[in-house]
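As structure tokens, the structure follows; a few thoughts come after it.
Keep in mind that this is a model prediction, so the values were computed, not measured.
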Amino acid sequence: LFQQCHIDPKCFDVRGNFDFTNYTPSDESRGGFRYYPPIGWKRYGLNVRVPGQNNAWLAMDGRPGEWAVAYHGVKSIEASVQRIVTEGLKPGDRQAYENDLCTR
């Protein structure tokens with residue numbers, strides 16, 4: 001994947017990798033919202049931890065500060081993944097966002 005997308009392997013974090021191909025969902029929540037895993041897909045974790053800073057937003061146990069989870073599927077790994085890693089995940093023009101904040 002790294003060579004195919006021309007991405008430095010340090011941009012990924014294997015702790016976030018998970019294969020949802022045969023996943024059996026349970027009643028889960030993340031960041032106070034119902035969590036719907038991407039059943040049938042494979043997830044690759046990005047290295048988003050900041051050393052020396054509070055990374056509580058990455059928790060998966062309901063603690064204060066935990067963020068909700070969003071998944072972004074891509075059609076072209078080569079084009080999409082590299083842009084997400086280098087430019088960040090951005091809301092599209094058909095989303096309910098204003099200044100990167102959800103308005104719904």
Side-chain angles (χ1 to χ4, degrees):
L1 180 65
F2 307 124
Q3 292 175 343
Q4 182 181 2
C5 298
H6 308 287
I7 299 172
D8 185 339
K10 291 182 277 187
C11 292
F12 290 89
D13 185 343
V14 296
R15 293 175 287 189
N17 294 354
F18 194 83
D19 186 348
F20 289 97
T21 304
N22 297 308
Y23 184 78
T24 302
S26 60
D27 188 23
E28 302 174 55
S29 68
R30 295 280 302 273
F33 292 90
R34 169 90 182 172
Y35 174 66
Y36 298 95
I39 296 172
W41 291 82
K42 291 184 181 180
R43 176 182 71 197
Y44 295 94
L46 296 177
N47 183 6
V48 295
R49 294 177 188 272
V50 180
Q53 291 194 12
N54 182 347
N55 291 297
W57 64 280
L58 294 170
M60 296 186 294
D61 57 11
R63 74 177 75 165
E66 174 184 279
W67 283 20
V69 173
Y71 288 96
H72 181 69
V74 296
K75 291 181 183 177
S76 168
I77 292 176
E78 293 87 354
S80 302
V81 173
Q82 186 170 10
R83 286 189 66 195
I84 291 169
V85 169
T86 58
E87 299 175 20
L89 185 60
K90 300 176 183 176
D93 59 359
R94 294 180 292 173
Q95 305 299 322
Y97 288 89
E98 183 177 310
N99 300 323
D100 293 338
L101 298 174
C102 184
T103 58
R104 291 188 196 174

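Taken from CG in Asp27 to CZ in Arg34, the straight-line distance is 4.5 Å, to the nearest 0.5 Å. A distance of 11.0 Å separates OH of Tyr36 from OG of Ser29, quoted to the nearest 0.5 Å. To the nearest 0.5 Å, atoms OG1 (Thr24) and CD1 (Ile39) are separated by 8.0 Å.
Residues passing the ring pair (Phe, Tyr, Trp, His ring centres under 6.0 Å) test with Phe20 are Phe18, Tyr23, sequence neighbours excluded. Applying the side-chain hydrogen bond (donor to acceptor under 3.5 Å, both in side chains) test to Asp19 and every residue at least two apart in sequence or in another chain returns Thr21. With sequence neighbours excluded, the residues satisfying side-chain hydrogen bond (donor to acceptor under 3.5 Å, both in side chains) with Ser26 are Glu28. In this structure Arg49 satisfies the salt bridge (Lys or Arg N to Asp or Glu O under 4.0 Å) test together with Asp13, sequence neighbours excluded. When the ring pair (Phe, Tyr, Trp, His ring centres under 6.0 Å) test is applied to Tyr35, no partner is found at least two apart in sequence or on another chain. For Asn54, the side chain to side chain contact (heavy atoms under 4.5 Å, CB included) test picks out Ala56, with sequence neighbours left out.
Using a 4.5 Å cut-off on side-chain heavy atoms (C-beta onward), Leu46 and Phe12 make contact.
Heavy atoms only, all atoms of each residue included: Val48 and Trp57 are closest at CG2-CH2, 3.6 Å.
The side-chain tip of Arg30 does not point at the ring of Phe33 from less than 6.0 angstrom away and within 45° of straight on.
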